[in-house]
Amino acid sequence: MLDRRYILENQEVIRTNLKNRMVQVDFDRFLELEYERRELQKELEAVRAEGNAVAKAKGLTVDERRAQGIVCKQKEGALTAKLKPVEEEAQAIYVTIPNLTYEGSPVGGEDASATIAEGKTPMRQFDFKPRDHIDVMEDLGILNLTAGAKVAGGGFYYFIGQGALLELALSRYALDYVMKAGYTPVITPDLARDSLMQGAGFVPRGNESNTYHLEDSDLNLIATSEITLVGMVADEVVETSKLPLKLAGLSHCFRSERAHGSATRGIYRVHQFTKTEMVVVCLPEDAEKVHMELRRLEQEIFDNLGIPYRVLEIATGDLGAAAYRKFDLEAWMPARNGIGAWGEITSTSNCTDFQARRLNIKYRDGQGKLQFAHTLNGTALSVCRAMIALVENHQQADGTVEIPEVLQPYMGGLKKLTPQR
RNA sequence: GGAAGUGUGGCCGAGUGGUUGAAGGCGCACGCUUGGAAAGCGUGUAUGGGGCAACUCAUCGCAGGUUCGAAUCCUGUCACUUCCGCCA
C-alpha cells in the first residue's frame, strides 16, 4: 500500500505510474470516494466530540445527558451508515494501487524487460542433441511424473534416489552459501492465514488466486516462504539494532497455477516445489544496496553451479504490485521447447515500504519516531527450475549428468548422476 | 477434541460502567547534584488520523453488541496458561 496522503498530494505521479504499469484502476472514482470519505469522517468526528462532551458534562442531570446523548447517537448512526459503503469502495480500489516504480525500469510490457548482465558460464556447444530434463531424469530413474500424477494429479512428481539427494543438495548448498553472507536459516510454517496472504500480496481465494486454500479454515498453503518470513515480523517494531534483518527461509511452495491450465510438461511449472528464499527487512537508505546484494548472491550461486544465465531488468508492466524494482535471472535450458530457451530461475524485488505498510512492519528512526521498514526478497534457489537447468546443461552423451563441484560434498562425493537400477 | 483461567503502554502491573489515554513501578531521555561516577532528587516519556494552531477523533488481543456514557457488561473469534483426552 502507498501512503493515502501521498496519493492525494501526488495524483499525477500515480496516474503516470498506473499507465506505465498497464494496471486498470479507476483512479478518478477513488479520488471522488476518498474526498467524500474525508468529509464524512470530519462530520462524524464532530458528532462524536459532541457526544463525548455530553457524556462527560458535569452540569447536566443524567436525564438531560440521556436525552442529548440519544440525539447524538442517532446522528452518529446515520453518518456511519453513509460512511461505510464509501469507505469500503474506496478501500477496495486503494488496495489495487501498485507501488511506485524505479525510474530506470524499462517502460512497457514483458517484452520490454532488458538484459543487463550475463553469467560467467558460456552457453555450451553440444556435440549431440541435448535431451530435455524429462528424458534425462526419467532415464536416470530419478524422476517419476506418472506416479506423481497418479497420486496427486498433474503438476506433481517424485524425486527418487539420486534425484531426492539432488534436491537436498541444491537446497542445502544455497542455504549454506547465503548463510556465509549473513542470512539466518529459517524453517517456517507451510501454512498461513488469509490475512497474512493478503498482507504479503497474495490473493487467498477466488479465480485469480494462485494459491491453495484449505476448506473450512482461514488457512492457505504458502506460495513461498516470503509470506511466512515477512509474517514473522508483521505488526512489530523491529529493533533498529537488528536491521538489516536477513533471513533465508527453506520451505515447500504450493501454487495452483489455475491461470496456466495443466498442460505444461515436466517440472517447469508444478504445484509443489522446494525453495530457499531470502527476505530482508532494512532501513530505507539501505534498500538499494541490499537489492544489489540479493542479485549478486543469486548470480554467484548459479555461476558456481556452472549454469549459463542472463539478468533481466524487469519492465514496468511486468512488475508485481509490491515491487518497486525487480531483477529476474533466466537460465539457458538447452532442450526447452525442443530448441532451447531461457527460463526464469530466480527473481528479486525491492518492495520499498509498500509491503511493510500493509503488514505494519516498523522501526524507530534517529528521532525515536516509528517508520515503516523496507522489505526485499530474492530467490536463492528454487529446486525444480534449478534442477532443469542443471541436468539439461550438464548432461552427457551417455545419459549421465555431471554434478557441479560445489554440489559434490552434498552428494557424498558423487561426481555424476548415473542410471539407477 | 473437552474444561477452566488469562490477554492493559517498550516491559511489569493497577483498574468491574461516568474528568482513566489509562495509577504505581521498571526502563529510557533531559536536568539538578558530583572532581568524575553511582545513589538521590526533579521533569518528561503510547500510536495513528484530521487541523496553521488551540484542539479534536480513534485505539486497553481482534470483531460485533448493550448503554446517554465501556478497559470495565454481553456475544463471537484469535492467542497464551493449566487440567483431562488423544498422538508422532
Side-chain angles (χ1 to χ4, degrees), chain A residues 1-10 30-95 97 187-200 204-205 213-220 227-228 231-243 245 252 281 353-373:
Chain A
M1 296 189 301
L2 293 174
D3 183 59
R4 292 185 103 110
R5 184 141 48 151
Y6 178 89
I7 294 174
L8 293 183
E9 287 169 359
N10 298 274
F30 173 76
L31 292 174
E32 193 184 318
L33 290 163
E34 185 65 4
Y35 286 122
E36 193 182 345
R37 185 186 72 82
R38 288 163 77 101
E39 278 313 306
L40 288 170
Q41 188 73 43
K42 271 186 212 172
E43 284 179 48
L44 180 63
E45 281 181 13
V47 172
R48 278 191 184 150
E50 202 185 324
N52 285 344
V54 169
K56 278 192 227 173
K58 280 194 148 175
L60 299 177
T61 66
V62 169
D63 281 342
E64 283 170 332
R65 270 188 254 159
R66 185 167 296 153
Q68 292 183 31
I70 286 171
V71 174
C72 288
K73 215 179 138 146
Q74 282 166 348
K75 280 198 261 181
E76 189 178 327
L79 276 170
T80 306
K82 258 168 87 180
L83 179 61
K84 201 178 168 197
V86 174
E87 217 164 41
E88 281 172 359
E89 196 185 341
Q91 184 67 17
I93 302 177
Y94 176 48
V95 298
I97 298 174
I187 303 287
T188 84
D190 281 349
L191 268 58
R193 292 181 198 285
D194 288 348
S195 57
L196 179 56
M197 300 295 284
Q198 271 154 8
R205 306 190 196 199
H213 178 81
L214 266 60
E215 206 177 349
D216 296 328
S217 79
D218 65 341
L219 290 169
N220 307 270
I227 295 168
T228 41
M232 205 160 69
V233 288
D235 291 316
E236 305 227 344
V237 179
V238 183
E239 267 183 60
T240 310
S241 62
K242 289 189 178 153
L243 299 177
L245 185 65
H252 282 134
V281 178
D353 61 356
F354 189 88
Q355 194 175 47
R357 184 171 288 110
R358 214 156 41 182
L359 290 168
N360 192 27
I361 304 171
K362 295 185 167 177
Y363 71 96
R364 279 186 198 281
D365 67 15
Q367 279 75 50
K369 290 271 292 174
L370 289 174
Q371 305 286 355
F372 289 112

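Numbers restart at 1 for each chain; the letters A, B, ... are given by sequence-line order, proteins then strands.
Look at the C1' atom in both B:rC26 and B:rU33: the space between them is 23 Å, to the nearest Å. Taking atom C1' on both B:rC60 and B:rA71, the two are 5 Å apart, rounded to the nearest angstrom. B:rU45 and B:rC62: their C1' atoms are spaced 28 Å apart (whole Å). A distance of about 7 Å separates the C1' atoms of B:rG24 and B:rA14, rounded to the whole Å. For the P atoms, the distance linking B:rA46 with B:rA39 amounts to 24 Å, nearest Å. Using C1' as the reference atom, B:rG2 and B:rU16 are 29 Å apart when rounded to the nearest Å. One P atom belongs to B:rG48, the other to B:rG10, and the distance between them is 11 Å to the nearest Å. For B:rC55 and B:rG36, the P atoms lie 40 Å apart once the distance is rounded to whole Å.
Residue A:A373 comes nearest to A:V281 through the heavy atom pair CB-CG1, 3.7 Å, listed as atom of the first residue, atom of the second, then distance. The heavy-atom pair separating A:H213 from A:L219 by the smallest distance is ND1-O, 3.4 Å. For the residue pair A:Y363 and A:V237, the shortest heavy atom distance occurs at CA-CG1, 4.1 Å. Here the shortest heavy-atom pairing between A:R4 and A:A90 reads NH2-CB, 4.3 Å.
The nearest whole Å value for the distance from the NZ atom in A:K42 to the P atom in B:rG49 is 15 Å. A:L40 places its CG atom 15 Å from the C1' atom of B:rG49, with the value rounded to the nearest Å. Distance CZ (A:R66) to C1' (B:rU66): 13 Å, rounded to an integer number of Å. Atom CD of A:Q74 is separated from atom P of B:rU67 by 12 Å (rounded to the nearest Å). A straight line from NZ of A:K362 to C1' of B:rG10 spans 14 Å, rounded to a whole angstrom. For the pair A:L83 CG and B:rG50 P, the computed distance is 15 Å after rounding to whole Å. Whole-Å rounding puts the A:R357 CZ to B:rG48 P distance at 12 Å. Distance, A:Q41 CD to B:rA58 P: 10 Å, rounded to whole Å.
Note on A:L370: only backbone sugar-phosphate atoms sit closer than 4.0 angstrom, heavy atoms only; bases stay farther off. Residue-level contact check: A:K56 touches neither bases nor backbone, having no heavy atom under 4.0 Å from any strand. Residue A:R193 is classed as a sugar-phosphate contact, given heavy-atom separations below 4.0 Å to backbone atoms only.
Of the candidate nucleotides B:rC68, B:rU56, B:rG50, B:rC68 has the atom lying nearest to any side-chain atom of A:K73. Listed candidates were B:rU56, B:rG18, B:rG50. Nearest to the side chain of A:A49 is B:rU56.
For A:K369 and A:G69, each mapped to the nucleotide of RNA chain B holding its nearest heavy atom, the one lying further toward the 5' end belongs to A:K369. Along RNA chain B, the nucleotide nearest A:R48 and the nucleotide nearest A:R364 are compared for position; the residue whose nucleotide lies closer to the 5' end is A:R364.
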side-chain contact (heavy atoms from CB on, under 4.5 Å) assessment of A:Q68 paired with A:E50: CA-CA 9 Å; A:Q68 292 183 31; A:E50 202 185 324; over 6 Å; no
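Both distances falling under 3.5 Å, in either a Watson-Crick or a G-U wobble arrangement, place B:rA46 opposite B:rU59. B:rG5: Watson-Crick or G-U partner is B:rC80, with both key distances under 3.5 Å. Searching all strands for a Watson-Crick or G-U wobble partner of B:rA23 with both distances below 3.5 Å returns nothing. Pairing for B:rG31 goes to B:rC41, judged as Watson-Crick or G-U wobble with the two contacts each under 3.5 Å. Base pairing of B:rA88 is not made with any nucleotide, judged by Watson-Crick or G-U wobble geometry with both donor-acceptor distances under 3.5 Å. The base-pairing partner of B:rA70, taking Watson-Crick or G-U wobble contacts with both distances under 3.5 Å, does not exist among the strands shown.
No hydrogens or angles were tested; on distance alone, a donor-acceptor pair under 3.5 Å links the side chain of A:E45 to the base of B:rG49.
Taking only side-chain nitrogens and oxygens, A:R65 never comes nearer than 4.0 Å to OP1 or OP2 of B:rU67. In terms of phosphate contacts, A:N52 brings a side-chain nitrogen or oxygen within less than 4.0 Å of OP1 or OP2 of B:rA58. Side-chain N/O atoms of A:R4 include none lying less than 4.0 angstrom from OP1 or OP2 on B:rG48.
A:E89 pairs by the side chain to side chain donor-acceptor pair (under 3.5 Å) definition with A:R29, not counting sequence neighbours.
A donor-acceptor contact shorter than 3.5 Å links the side chain of A:T240 to the backbone of A:R364.
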